[in-house]
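Atom set for the values below is all heavy atoms of this structure, side chains included, hydrogens, waters and symmetry mates excluded. FYI, the numbering just counts along the sequence from 1.
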Amino acid sequence: MSIICTARLSRHYGRRVGIDAVDLEISEGETFGFLGPNGAGKTTTIRILLGFLNPSGGNASIFGLDCWRQSRQIKRDIGYLPGDLRLYSWMTGKSALSIVGKIRGLDLRAEGAALAERFQLEMNVSVRKMSKGTRQKLGLVLARPRLLILEEPRSGFDPLM
């Protein structure tokens, strides 16, 4: 079964073309990556899949749901980690887990604690004291997805982790 499917997906910014006629079919259990230079349309495609941008043409679906019209339902099952996660500086890992869990209507504490231990992440440290790599680990702990979308996945991650 296809988890992500696009057909002739396009996004134009006035006369400028962001993406043009992208066809994708990504099955459950598959790992898929976009490779290309800056401006190739990687981020535009991801933003359409996440329901942040409306496509100019074609369509995109995740779990059989339209990425634009049904983005609210899709977002419940997607974990998204941008290249540089931004959180309030006063948050700790524990408070972030609690807040994100309430927003998503899920109890993330048990699974989050287990992942934090696996990543050797101190959950009582405030975000202002975390390195970029540590914030990225926290982002993975917060994601708890059925589908995980990573933007710039090598940025800030410890390869040994």
As a test of understanding, state which of Cys67, Ser2, Cys5 forms a side chain to side chain contact (heavy atoms under 4.5 Å, CB included) with Ile62. Cys67

State, with a plain yes or no, whether a side-chain heavy atom of Thr92 is found less than 4.5 Å away from one of Val125. no

Under a 3.5 Å cutoff, is there a donor and acceptor pairing between the side chains of Tyr13 and Ser56? no

If we ignore hydrogens and angles and just use 3.5 Å, is the side chain of Gln70 paired with the main-chain N or O of Asp66 as donor and acceptor? yes

Over 60° means perpendicular and under 30° means parallel, so tell me whether Tyr88 and Trp90 are parallel, tilted or perpendicular. parallel

Taking the side chain as everything from C-beta on, heavy atoms only, tell me whether Leu121 gets closer than 4.5 Å to Thr134. yes

Taking the side chain as C-beta and beyond, is there a heavy-atom pair between Asn59 and Trp68 under 4.5 Å? no

Just by modelled atom types, is the Pro82 backbone N or O under 3.5 Å from a matching donor or acceptor in the Gln136 side chain? yes

With no hydrogens and no angle check, is any side-chain donor or acceptor of Arg11 less than 3.5 Å from a backbone partner on Asn54? yes

Backbone N/O of Val22 and side chain of Thr6: donor-acceptor pair under 3.5 Å: yes

Is there side-chain contact between Ile3 and Ile26, with heavy atoms separated by less than 4.5 Å? no

For residues Asn124 and Lys94, determine if any side-chain heavy atom of one lies less than 4.5 Å from a side-chain heavy atom of the other. yes

Does any part of the side chain of Phe63, heavy atoms only, come nearer than 4.5 Å to the side chain of Ile78, both counted from C-beta? yes

Lys42 atom NZ: more than 12 heavy-atom contacts under 6.0 Å: yes

Give a yes or no answer on whether the side chain of Arg8 reaches the backbone of Gly58 with a donor-acceptor pair at less than 3.5 Å. no

What pairs with Asp20 under side chain to side chain contact (heavy atoms under 4.5 Å, CB included), at least two apart in sequence or on another chain? Ser10, His12, Val17

Under 6.0 Å from the CD atom of Glu122, do we count more than 12 heavy atoms belonging to anything else shown? no

Short side-chain donor-acceptor distance under 3.5 Å, Ser95 and Ser98: no

All heavy atoms of Gly139 vs all of Leu85, minimum pair found to be CA-CD2, 3.5 Å

So, for Ala60 and Ile48, which heavy atoms are closest and what is the spacing to 0.1 Å? CB-CG2, 4.3 Å

